K.L.:
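Take this structure first; my questions come after.
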Amino acid sequence: MKSLTGLDATFLYLETPEMPMHVGSFNLCELPAGFQGSFHQEVTRHIAKRLHLAPVFSRKLVFMPLDLGHPLWVEADTVDIGFHIRRADNAKKGTAPMTLAEAHKLCAELHGELIDRNFPLWEFYVFDRIQLPDLSGRAKGGKIVAGFFSKIHHAALDGKGGVMLAHAMLDLSPVPRTVAPPDPARRRKLASDLKLGKMIGSVFSSSLGQIVKAAKALPLAANTLGSTLGKTLGSTLARQSTGSATGATVKMPMRLAPATPFNAGITSGRVFVTATAPLAECKAMGKAVGGSFNDIVLWICSTALRNYLLQHHSLPKKSLVAAMPVSLRANDTAGDATELGNQVSMSLVELGTHLASPLKRMNAIMASTGKVKTSMQSLKGLLPTDYPSLLAPWLVGGAAKMAFSAYGTSGIASRLPVVANLVISNVPGPPVPLYLAGAQFLSFHPLSIVVHGLALNITIQTYAGKVDFGIVADRQALPHAQDLARAIEAAFAQAQTLMSTAPRAPRPFATGVVSAPVSTPVIDTQTSVKTRKKAVTQETKSAESDAAPPTRGRKRADTVSIRHKPAPNVSSHGKSAVKTVKTVKAVKITQAVPRKNSAKNSAKA
């Protein structure tokens, strides 16, 4: 009998039909040569032999009497493998294979449906046949592959826990490894073993333990928090003193995010699209500008969002702000597959979308992530991932859930100020190819959660030399989702032009289709990307004055409408029709000193 932590239970308490709280991934799979039969049946047999390797496969929820405290995990009496692993495409012979766009649409629909809490909180969907786009980008005509879509409740595991789970069910070669059967002597904790008195006693004992733990940590928390706030306050007072002497306006250290179409209440409708870029080039570009891989993917997302809003909406004068999950998992538990509970917090990063200059945008992002890293190092050990269980279902699952639902359904979410515009999560994945039932994963595109007020989520996962972007959004908040996917890969092409220091190789996309190399313009002027230590502040001083110039036809006081030329036609699945990115200035990249400590703590919410 194991109680959920406060953070894990919160995902259950706040869940509604419009706001499912599960995460997942969509994988394209290359079947073994000469494979005959059903991939769905092969996966079912494969997983059935490995249910005992990860607790998430067999544990289910038991709720406390009268909802006195957090639910408990127990093992299911049996696991109905046919219920949990289903075929997604049409099983009739002679039926044409699904296109990739149709598979994405079906994944979006499945991702918008709740997981049944009467069973272990996971579902797998297998596609026997998916036809990829051809070289010209047409929906049909490419190779035939299989597909695998997974959804697991966030109460059961976080992003890094999902990677651990993948290691339990996947293999490093086409030949599945031999797995020892479960130990018949192991005593399982079933729902029938629970005693009412013991369950109620556990609520009070765990709550008392949480209160004692909080009391013991209070002195250290007060000292650390006081030191952090003291530094921030001292810096603010110093700026105020300087500002008073010079007559300059002093700005608050934290600003609210601007209004965007992504900040609204959500429905159960979802959209899901993907994009892919090569990992080695992204890392090299981060090093070239004195930043990190995380800075580069944030710049790619920022540039894509700016272009999308220019094309379809009004670009805010202020910078968009991304909420980024940060892993609190200790290094010594990173490889423990039994510790799959959520250990995450959230940080805020300004994306510099108001800056027309791509180089200034990069420096603004690097400055913001640098501040986040410094503050998280001070507060990481103090951020709670648990809270007392007593009456939590009534307080969080009752009052808080009602308030949050009203926030989304009443339209308040689109009117009140917000602290973030979207969620961007960066999850490190396996560096080598993985295999499921003998089929190789060609891609690993994640699907995460959207909530009222944050209707767009971009989760990035590295896999086998690629960077896979999974874009999930409310259908109404992102009506032109494919345009954002194209804008992400166009932003990568622009980053190559501006930040690469080596000749560019063809881009390997998840579909196996390789696009033609993008022509490299001459880089020959003195404009350079500033390093974090020396010149970020110099580049970002004029941030406010570098926003997109206003034109006629304003929609809101804080936005400007701008006619925008569509982004370069770069397919998210390997089109070869790639237009050379036109630059206002060519730039000369100087060798910068890389940041000593790169931001490695980002993880999926």
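Just so we're clear, the structure is a prediction, and the values are computed from it rather than from any experiment.
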K.L.:
Indicate yes or no: at least one non-hydrogen side-chain atom of I47 is less than 4.5 angstrom from one of L51.
P.N.:
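Yes - at least one pair of side-chain heavy atoms lies under 4.5 Å apart.
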K.L.:
Main chain of M169, side chain of H46: is a donor-acceptor contact present, judged purely on distance under 3.5 Å?
P.N.:
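Yes, the answer is positive, given that a donor and an acceptor are paired below the 3.5 Å cut-off.
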K.L.:
Can you name the one residue among Q41, R87, H40 that meets side chain to side chain donor-acceptor pair (under 3.5 Å) with D128?
P.N.:
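Testing each of Q41, R87, H40 against D128, the sole residue satisfying side chain to side chain donor-acceptor pair (under 3.5 Å) is R87.
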K.L.:
Would you kindly say whether N27 and H445 are connected by a side-chain donor-acceptor distance under 3.5 Å?
P.N.:
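Distance-only check fails for N27 and H445.
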K.L.:
Salt-bridged, R270 to E109, with N to O below 4.0 Å?
P.N.:
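So R270 does not pair with E109 through a salt bridge.
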K.L.:
Provide the closest heavy-atom pair for A156 versus V56 in the form atom of the first, atom of the second, distance.
P.N.:
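Here A156 and V56 meet closest at CB-CG2, 3.7 Å.
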K.L.:
Between S405 and T16, is there a side-chain donor-acceptor contact under 3.5 Å, judged purely by atom types and distance?
P.N.:
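Per modelled atom types, T16 and S405 side chains form no pair under 3.5 Å.
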K.L.:
Taking the side chain as every heavy atom from C-beta outward, state whether F39 and V43 have any pair of such atoms under 4.5 Å apart.
P.N.:
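Yes - at least one pair of side-chain heavy atoms lies under 4.5 Å apart.
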K.L.:
Do H153 and E15 have side-chain N/O donor and acceptor atoms under 3.5 Å apart?
P.N.:
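A donor-acceptor contact under 3.5 Å links the two side chains.
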K.L.:
With a cut-off of 6.0 Å (strictly less than), are more than 12 heavy atoms of other residues, nucleotides or ligands near CZ of R50?
P.N.:
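Buried by this count: over 12 neighbours within 6.0 Å.
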K.L.:
Is any side-chain heavy atom of V126 closer than 4.5 Å to one of I85?
P.N.:
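Yes, their side chains come closer than 4.5 Å.
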K.L.:
Quick one, L447 with T459, criterion side chain to side chain contact (heavy atoms under 4.5 Å, CB included). Give me CA distance, side-chain angles, the key distance, then yes/no.
P.N.:
CA-CA 7 Å; L447 293 87; T459 300; over 6 Å; no
K.L.:
Could you tell me if the side chain of W73 sits less than 4.5 Å from the side chain of K60, heavy atoms only?
P.N.:
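K60 does not reach W73 side chain to side chain.
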K.L.:
Assess the residue pair V472 and S448 against the criterion (side chain to side chain contact (heavy atoms under 4.5 Å, CB included)); give the C-alpha distance rounded to whole Å, side-chain angles, the decisive distance to 0.1 Å, and a yes or no.
P.N.:
CA-CA 7 Å; V472 174; S448 195; 5.8 Å; no
K.L.:
Nearest 0.5 Å, please: how far is CG in N426 from CD1 in I296?
P.N.:
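Going from the CD1 atom of I296 to the CG atom of N426 covers 12.0 Å.
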K.L.:
Taking all atoms of both residues into account, what is the closest heavy-atom pair of V349 and M324, and its distance?
P.N.:
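What the structure gives for the nearest pair is CG2-SD, 3.7 Å.
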K.L.:
Nearest 0.5 Å, please: how far is CG in N263 from CG in L454?
P.N.:
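Spacing of CG (L454) from CG (N263) equals 6.5 Å.
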K.L.:
Go through it in stages, so that I can follow the logic: the residues are L442 and V145, the test is side chain to side chain contact (heavy atoms under 4.5 Å, CB included), and I'd like the CA-CA distance, side-chain angles, deciding distance and then a yes or no.
P.N.:
CA-CA 9 Å; L442 300 175; V145 298; 4.1 Å; yes
K.L.:
Minimum heavy-atom separation for I266 and A455, please, with both atom names.
P.N.:
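Minimum heavy-atom separation between I266 and A455: CG2-CB, 3.6 Å.
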K.L.:
Write down the atom of V467, the atom of C282, and the distance for their closest heavy-atom approach.
P.N.:
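Smallest interatomic distance, heavy atoms only, reads CG2-SG, 4.2 Å.
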K.L.:
Restricting to non-hydrogen atoms, name the atom on D474 and the atom on G269 that form the minimum distance, rounded to 0.1 Å.
P.N.:
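Answer, listing the atom of D474 first, then G269: OD1-O, 3.4 Å.
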K.L.:
Quick one: does T303's side chain have a donor or acceptor within less than 3.5 Å of a partner on I300's backbone?
P.N.:
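Such a contact is absent between T303 side chain and I300 backbone.
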K.L.:
Would the H312 and H480 ring centres measure less than 6.0 Å apart?
P.N.:
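When the ring centroids of H312 and H480 are compared, they turn out to be within the sub-6.0 Å range.
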K.L.:
Does NZ or CZ of R129 lie under 6.0 Å from the centre of the six-membered ring of F127, at an angle within 45° of the ring axis?
P.N.:
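Pair R129/F127 does not count as cation-pi.
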K.L.:
When you measure from the side chain of Y13 to the backbone N and O of G6, does any donor-acceptor pair fall under 3.5 Å?
P.N.:
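The answer is no, because no donor-acceptor pair under 3.5 Å joins these two groups.
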K.L.:
Below 4.5 Å, heavy atoms only, C-beta onward: do F262 and L478 meet side chain to side chain?
P.N.:
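F262 vs L478: side chains touch.
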K.L.:
How are the rings of F124 and W122 set relative to one another: parallel (under 30°), tilted (30 to 60°) or perpendicular (over 60°)?
P.N.:
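F124 vs W122 ring planes: tilted.
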K.L.:
Nearest heavy-atom pair of Q440 and P433: which atoms, and what distance?
P.N.:
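Residues Q440 and P433, closest heavy atoms: NE2-CB, 3.6 Å.
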K.L.:
List the steps, then state whether side chain to side chain contact (heavy atoms under 4.5 Å, CB included) holds for V450 with L456.
P.N.:
CA-CA 6 Å; V450 293; L456 172 61; 5.6 Å; no
K.L.:
Could you check whether any side-chain heavy atom of L100 comes within less than 4.5 Å of a side-chain heavy atom of P133, counting everything from C-beta outward?
P.N.:
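A side-chain contact exists here, since the closest heavy-atom pair is under 4.5 Å.
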K.L.:
Can you tell if the side chain of F11 reaches within under 4.5 Å of the side chain of L4, non-hydrogen atoms only?
P.N.:
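Counting from C-beta outward, F11 and L4 never come under 4.5 Å.
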K.L.:
Is there a donor-acceptor contact under 3.5 Å linking the side chains of T276 and D468?
P.N.:
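T276 vs D468: donor-acceptor pair found between side chains.
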K.L.:
Step through it carefully: locate the ring centre of F272, locate the ring centre of H104, and say whether they are under 6.0 Å apart.
P.N.:
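Ring centres of H104 and F272 closer than 6.0 Å.
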K.L.:
Run the salt-bridge test on R59 and E75 with the 4.0 Å N-O cut-off and return the result as yes or no.
P.N.:
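Looking at R59 and E75, the cut-off is not met.
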K.L.:
If you define the side chain from C-beta out and look only at heavy atoms, does anything of M19 sit under 4.5 Å from F404?
P.N.:
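A side-chain contact under 4.5 Å exists here.
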K.L.:
With a 4.0 Å cut-off, would you call R486 and E489 a salt bridge?
P.N.:
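Not counted as a salt bridge, because no side-chain N and carboxylate O are separated by less than 4.0 Å.
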